[in-house]
Amino acid sequence: MKNLILCLFLSGAVSRSGAVSTVALDSPSPLVKIKIMVKAGSAQDPKGLEGAAALTGFLAIQGNSGDPARPLTKERLAEITRPWGSGAYPTVSVSKETTVFSFTIPREALSQYLDQVLAPLMTKPLFDAKELDRVRQEFLQSLRSDLRFQQIENLGLVALDNYIYEGTPYAHPDMGTEAGLKTVDRYGLMRFYRTYYRPENVVIGLSIQDSGLKARLEKIAVGMGEAEAGPFPAEPAAVPAPVSGRQVLVVGLPNAISTGIHAGFPLPLTRKDEDFWPLYVGNVWFGTHRDSFSHLYQVVREERGYNYGDYSYIEHFEGRPANLFPPFNTPRRSQCFSVWVRPVGHAYAGHILRAITWELENFIRRGMSEEECALAKNKAKVLYLSLAETADRMLASRLDDEFYGMSPGYLPGYLSRIEAVKCSEVNAAIKKYLQARDLKYLIVTHSAQAPKIIEQIVSDAPVWGKTPADYQIDVKEEDGRKLYLVPEPKLDILRRDALWADYSLGISRDRARVVPAEKMFEISDLPR
Amino acid sequence: MKLSATLFLFLACLASAGVFPYPVHKKTLPNGLDVVVIETPEFKDVLSYNTMVMAGSGREEEKGKTGLAHLFEHILFRHRYAAEEGGYDDRMGKLGTDNNAWTWFDVTYYHPLTFTRNLERRGKAGLPGLAELESSRFTALDFSEKTFKTESGAVLGEYRRLASFPSEKMSERLAALMFPNHPYGHTTMGYYEDVADMPNHFEAAKKFYGTYYRPNNCALIVAGDVKAGEIFKAVEPYYKEWKPQPIPTVKQARGSQKEELREHVAWDADVAPLVWVAYRMPAFELGSKNAAAAELLSELLVSPAAPLYKRLRYEKQLASSLGFEEGTRGFESFDPRALVVSAELYKEKHAQKGKAYFSEVAQEIVSELDALKGFSKDPKAKELLKNLKNKYRYDFLAVLSSPGNIAGAFSWYYRFNRSPSALDQLLDSVEALKPEDIDKFAQAWFIPENRAILTLAYEKGK
């Protein structure tokens, strides 16, 4: 295992030419991947102009570029790139701290592509005002319609970010706020571009070893810094205030047929820290995303059938409802621990909220056995197969390594780091970083259910979930009494249910509030 | 520039008729199970071990019992290996696998991923290998009714997580509208009331398994750092006792549609309005001109370079998004299904224009599909078609990015004719297309009698 090299092109090189950093793999594919990471994202949105980073990224592609007399329009871009495959049409992803442009090009078209497409896009964006208006309308529609009312799982996940990072530059969605999107103009985008799109703030990723190509890309990156930008502006800290005690925010929707539950608190470590790896192994055992291996999934879904899945995280995981594995290029200097319970029947929300809190507390209290640690390490190693599945993922990961300053990088060092983790370190990390005392809960439910769920949460009375009948436990009448014939495995489930039901969350009414979905993301601050 | 051997292989393949760059080996066992091995040695130590059952929700014929194929996908993960509750899942976890599956109309696909060395048991006292564990759940599934009922709760949870998407309801209504006499008339997830009632469908579920989970209706597709000969030798003992039986076919109901169908869905949250324009399509016959022409429709209609896309999204700004609702998967099916062009509209414009807005967008879409009937008359048709073929080929190569993705792409088309050269046949058929073939396809299929238009808008209180 120690000597495993998954793919022959995993090995790569990092180099610096002047101010520009370049990472290069050695992929044999006839399709070459180029990624350009700008180390600025939605956290760098100026106050009141939330959405500037996302619009800058999208307008760099769709807002005309090159010679203003004969610009490279989005229509021409589509025509030029069409014969080279879908990947040749550039894409951009904007996250909290980075903006990443991706290009996939046939080798034989590389030279032409750099001249006709990549260079004008990256060095001469025109930020056309009409295109800005069009893209702005699309963003607003996406925020007002899709995020608020369609994707209730994603709404919960984005809202949890908003809640945990309240008061910091991480609080608003990456696409911006309603007020920010309405306000930002093309000069705002030009300012953002001049401030952050410059050589010393860029990392280039290349899937092949080609010194000529590398030199040309670095020249393009240098061209991004032609305007005098001055020093980077001072940034407010992205580290949120510590959570004190437990509190809950309920987001009400007009038509939710079930209730989604989230919880979390800030973590003072990232993947660059030594303690990350033992905590990672611990989290694999407790809550691996979309995997029956994990404890939360077992007790909530497998044993009791409450929902589709239950997971925990020690890093931000973008696009969780759709992605089986965490995408790269969403690095953050500030991370949080979170638990995600996929929608459950409304009636069970109060019980399951107690359940996950009890389970987290119990996990911290009991720690993990040597056998559990060994199984979790084994599972973590298998996850590597998917984390490093494609050249695209490996290249994206190398850009993140540059962001974090990791050497060896995340994937190159992954297996040996997992192998080196000791169970004592896992248990120490769990005790050091995890806790269930200071938590923010975020619930998404039907507006009419919200007051009932709040009642369940603040109540000191037991809140039960499924009944013996739900568990298909046989019952017979004896002397006018019901006698439940509980088999041994079910007895354990019922005992645990009782512990969950009786668990007091200790949340007073003044620490629980409801907001309607239509009020979310108007501005960075949560609605009052 | 120094080129690796694999790159030479890729480039050589691009230049020749055969585009799929990996050797495909096939052996059919006496019981009818196809074992297909795709050797991809550059992915060191990776084993992608896939079982494709050629039945999905498109084989659920009994009313009130929709969603069983999908439920069974779940049940297979609850297999009592060695007569132990959770035994399969436990052994797979200890072995170290990433294990998942998906269900679609024609197919249920199981795709564990692990290290190559985990294929076979290591020593008599060691853990069972992947071949042994996987074969046991297909050849001798063991599960209790209680487990079945518990798992049906998880499936209900899956329905709930999707329920907030208006597109789910649109899919449900469109299927019922266009295919009232075929199992394609319900979605893979099934109707909510059926899913909620699943705990009572134990016997029907067992019957579904007994009917379709048969070796002659399945294929084992292995890709990764493996040798075909070793795989054939390793897996055959585990599958040879699996009993075949005739697989029933679904009765093909004659289409009775005489004119365009229309339906409107009132939604109870303030979402963007939707317009879907759907056309019945022929069953996907791999290698045929019809299938090849259909493969290029996405590029002709809803890509950023397509005239319709540019008009709706850029020039007139009538739609905030435009696409095929199910991609090409919507019509790459055993029996005839549909192409669905979906447009998301602007809330503000809908508030101003009302129903006329729906008609305007639907008419734009219909006109563009009609225009394809004269595709060859465009003086640039040949050049355009050449560009589309290039794009198709590069997009195909882009998919071949890992053993799992290679096996997935291969399996998707292999099911149509069970030929190891299925992908090359598909690509050859696209390469052979002439502009007139697009005309003929559009003339045959894009007619009002094949059309359905579905709309959705927020209506407070409904």
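Quick note on labels: first sequence line is chain A, next is B, and so on, each numbered from 1.
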Okay, A:Q298 and chain B: the region with an atom under 4.5 Å from a heavy atom over there is side chain

Interatomic distance, NZ@B:K44 vs CD@B:E42, rounded to 0.5 Å, equals 8.0 Å

The interface call for B:Q317 against chain A, heavy-atom contacts under 4.5 Å, is side chain

Counting heavy-atom pairs under 4.5 angstrom with chain B, the leader among A:N255, A:L31, A:N307 is A:N255

Cut-off 4.5 Å, heavy atoms of chain A, and the answer for B:L384 is side chain

(message) Any salt bridge linking B:E348 with A:R144? Criterion: basic side-chain nitrogen under 4.0 Å from a carboxylate oxygen.
(response) yes

If one checks every heavy atom of B:Y392 against chain A at 4.5 Å, the contacting part turns out to be neither

Applying a strict 4.5 Å limit to non-hydrogen atoms, the region of B:K146 in contact with chain A is both

Is the NZ or CZ atom of A:R134 both under 6.0 Å from the centre of the six-membered ring of A:F139 and within 45° of that ring's axis? no

Mark yes when over 12 heavy atoms from residues, nucleotides or ligands other than B:E193 sit less than 6.0 Å from its CD; otherwise mark no. yes

Applying a strict 4.5 Å limit to non-hydrogen atoms, the region of B:R313 in contact with chain A is both

The interface call for B:D270 against chain A, heavy-atom contacts under 4.5 Å, is both

Among A:Q62, A:R304, A:E302, the residue with the most heavy-atom pairs under 4.5 Å to chain B is A:E302

Whether B:K149 engages the ring of B:F202 as a cation-pi pair (distance to the six-membered ring centre under 6.0 angstrom, angle to the ring normal within 45°) should be assessed.
no

From the list B:K310, B:K94, B:E299, the residue making the most non-hydrogen contacts under 4.5 Å with chain A is B:E299

So, the part of A:D146 with a heavy atom under 4.5 Å from chain B: the answer is side chain

Ranked by heavy-atom pairs below 4.5 Å to chain B, first place among A:G260, A:G309, A:S292 goes to A:S292

*asked:* Does either side chain, that of B:T147 or that of B:T150, offer a donor lying less than 3.5 Å from an acceptor on the other one?
replied: no

Scored by heavy-atom pairs under 4.5 Å with chain A, the best of B:A305, B:G153, B:A163 is B:A305

Okay, A:Q472 and chain B: the region with an atom under 4.5 Å from a heavy atom over there is both

One option among B:E158, B:K347, B:K389, B:E85 has the most heavy-atom pairs under 4.5 Å with chain A, and it is B:E158

Of the listed A:R148, A:K466, A:Q151, the one with the largest count of heavy-atom pairs under 4.5 Å with chain B is A:Q151

When the 4.5 angstrom heavy-atom criterion is applied to A:L155 and chain B, the contacting part is neither

Answer key: most heavy-atom pairs under 4.5 Å with chain B among A:R301, A:R82, A:E153 is A:R82

Donor on one side chain, acceptor on other, A:E138 and B:S320, under 3.5 Å: no

Indicate whether the side chain of A:H346 and that of A:T445 have a donor and an acceptor atom separated by less than 3.5 Å.
yes

Is it possible for you to check whether B:R117 lies under 6.0 Å from the centre of the six-membered ring of B:F115, through NZ or CZ, and within 45° of that ring's axis? yes

So, the part of B:D225 with a heavy atom under 4.5 Å from chain A: the answer is neither

Note: vs chain B, highest number of non-hydrogen pairs under 4.5 angstrom among A:S145, A:A78, A:S211 is A:S145

If one checks every heavy atom of A:E518 against chain B at 4.5 Å, the contacting part turns out to be neither

Honestly, the part of A:R342 sitting under 4.5 Å from a heavy atom of chain B is side chain

Looking only at B:S402, B:S164, B:G96, B:G157, the option with the highest number of non-hydrogen pairs under 4.5 Å against chain A is B:S164

Ring pair (Phe, Tyr, Trp, His ring centres under 6.0 Å) evaluation trace for B:Y458 with A:F149
CA-CA 11 Å; B:Y458 170 50; A:F149 294 111; 7.7 Å; no

Under 4.5 Å to a heavy atom of chain B? For A:Y89 that would be side chain

Under 4.5 Å to a heavy atom of chain B? For A:T104 that would be neither

Ionic contact status for A:D392 with A:K33, cut-off 4.0 Å: yes

Set out, in order, the CA-CA distance, both residues' side-chain angles and the distance that settles side-chain contact (heavy atoms from CB on, under 4.5 Å) for B:H79 and B:F143, then state yes or no. CA-CA 6 Å; B:H79 169 52; B:F143 66 102; over 6 Å; no

Salt-bridge criterion met for A:D133 and A:R136 (N-O under 4.0 Å): yes

Pair count under 4.5 Å, heavy atoms only, with chain A: among B:L156, B:T114, B:T97, B:L95, highest is B:T97

TODO: Would you kindly say whether B:Y88 and B:N99 are connected by a side-chain donor-acceptor distance under 3.5 Å?
DONE: yes

Turns out that what part of B:S152 lies under 4.5 Å from chain A's heavy atoms comes down to neither

CD of A:Q141 to CG of A:L147, rounded to nearest 0.5 Å, is 12.5 Å

Honestly, the part of A:L375 sitting under 4.5 Å from a heavy atom of chain B is side chain

Between B:K460 and B:D268 (salt bridge meaning N to carboxylate O under 4.0 Å), is one present in this structure?
no

